[in-house]
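Comments concern the structure below.
What you are looking at is a predicted structure, and each value in this text was computed from that prediction instead of being measured.
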Amino acid sequence: METADSVVKYQNPQARGVVDRKQRRDAFLQFLNGKKPDADSQRSGVYSAHVYGNGRRQVKVILLDTRYARESHSIPSAAVLGGRLPIIGRLMPVLGVASRWFATYVGWTDQHIGRILDEEQWAWLEDALRNSTASVNILVSSIQVLTTNPMVESWGHFPTERKRLLGLLREYKPRGLVLVSGDAHIAELIQGGLQQTRPLEVQTSCDLSPTCIRV
């Protein structure tokens, strides 16, 4: 299984603006699979679905690519400027955090209509949810779907996209649904979001190098 985030593959939160994103996608897949992708795998990104087990023990893992087709935030990513102004490149993460917080604080984020997935991936995702017979469905997004922190990259900065995603989950009600994400450099467990009998579980994984604290 594989998916990609900005640091791994696109080097830019707004991967849609990366000129050689197709070449980067192919290099990523070739590195993982040991061979050059064939013509049938030339989809818009590296999203995929995998099924393990049978019957009541069946688990389906759905991996999204939230970078390949993503448009800019309501305030364009500071990472774009970082590539053009390498001398102050180290300040770009701070500016990026500040811009996301400011856009949320003044209400620009709520009005933003930028996209995360293109129509090809949306159609694929809907089909993957509609046809799932698994007892447990794990939906993996490189950025958080639900978050308590407006400063990190998340679906919350693309409200129309998050509404569409949650709408699909409400419509198809995949069994044993768990959302898994990363990117935020924290570990977090959230319950809620779909207003169903069983709370939606959202887990954000953290790398093992930082010191963790109990909250």
Side-chain angles (χ1 to χ4, degrees), residues 1-10 13-16 44-50 59-74 77 96-97 100-101 103-104 109-130 132 134 136-207:
M1 296 187 295
E2 71 277 340
T3 189
D5 198 58
S6 59
V7 176
V8 177
K9 179 158 66 79
Y10 298 127
Q14 181 191 346
R16 187 168 179 167
S44 57
V46 294
Y47 51 90
S48 59
H50 309 267
V59 176
K60 186 169 189 175
V61 182
I62 302 172
L63 299 164
L64 302 178
D65 188 334
T66 63
R67 297 285 180 179
Y68 193 85
R70 190 195 301 184
E71 297 176 342
S72 67
H73 291 78
S74 56
S77 173
V97 167
R100 289 190 289 271
W101 174 85
T104 301
T109 295
D110 294 336
Q111 306 301 321
H112 188 47
I113 57 173
R115 306 193 66 175
I116 292 180
L117 311 183
D118 59 15
E119 287 303 320
E120 177 184 310
Q121 189 172 176
W122 275 119
W124 168 85
L125 174 59
E126 184 170 4
D127 184 67
L129 294 172
R130 181 194 302 116
S132 178
V136 175
N137 288 270
I138 302 174
L139 180 63
V140 181
S141 168
S142 65
I143 58 174
Q144 290 183 298
V145 178
L146 303 178
T147 181
T148 59
N149 186 349
M151 294 185 290
V152 301
E153 291 185 59
S154 73
W155 286 72
H157 294 285
F158 299 83
T160 56
E161 293 287 272
R162 184 169 70 173
K163 181 178 179 181
R164 183 173 180 178
L165 176 62
L166 295 179
L168 285 180
L169 298 180
R170 291 189 185 98
E171 179 178 356
Y172 293 110
K173 299 179 176 60
R175 290 185 294 174
L177 177 63
V178 177
L179 302 186
V180 177
S181 65
D183 185 73
H185 301 273
I186 61 171
E188 186 174 36
L189 181 64
I190 301 175
Q191 288 188 330
L194 291 183
Q195 298 179 343
Q196 293 181 333
T197 303
R198 183 179 184 276
L200 171 65
E201 295 185 0
V202 184
Q203 177 180 334
T204 300
S205 300
C206 178
D207 57 317

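- Minimum heavy-atom separation, E153 to I143: O-CB, 3.8 Å.
- By the 4.5 Å heavy-atom criterion applied to side chains, L64 and W124 are counted as neighbours.
- Checked for salt-bridge contact, E161 and R70 miss the test: no charged N lies under 4.0 Å from a carboxylate O.
- Across all non-hydrogen atoms, the minimal contact from P174 to L129 is CG-CD2, 4.1 Å.
- Using a 4.5 Å heavy-atom threshold, the side chains of E120 and Y68 count as separate.
- Between D65 and V46, the shortest heavy-atom contact is OD2-N, 2.9 Å.
- Looking at heavy atoms from C-beta onward, W155 lies out of side-chain contact with L146 at the 4.5 angstrom threshold.
- If you check the side chains of T66 and S142, you find a donor sitting under 3.5 Å from an acceptor.
- Side chains of H50 and L63 form a contact here, defined as non-hydrogen atoms less than 4.5 Å apart.
- You'll find the side chain of V61 stays beyond 4.5 Å of the side chain of V180, heavy atoms only.
- Contact annotation: the side chain of L125 never approaches that of Y47 to less than 4.5 Å [non-hydrogen atoms, C-beta and beyond].
- E71 has its side chain out of reach of H112: every pair of non-hydrogen atoms, C-beta onward, lies at least 4.5 Å apart.
- Closest non-hydrogen pair, T109 versus G156, comes out as CG2-O, 3.3 Å.
- Closest non-hydrogen pair, A49 versus K60, comes out as CB-CE, 4.1 Å.
- H157 contributes no side-chain N or O that, together with a main-chain N or O of S72, makes up a donor-acceptor pair within less than 3.5 Å.
- The shortest side-chain heavy-atom distance between V145 and L139 does not fall under the 4.5 Å cut-off.
- Closest heavy-atom contact between Y172 and E126: OH-OE2, 2.6 Å.
- The salt bridge (charged side-chain N to carboxylate O under 4.0 Å, His left out) test applied to D127 returns R130, not counting sequence neighbours.
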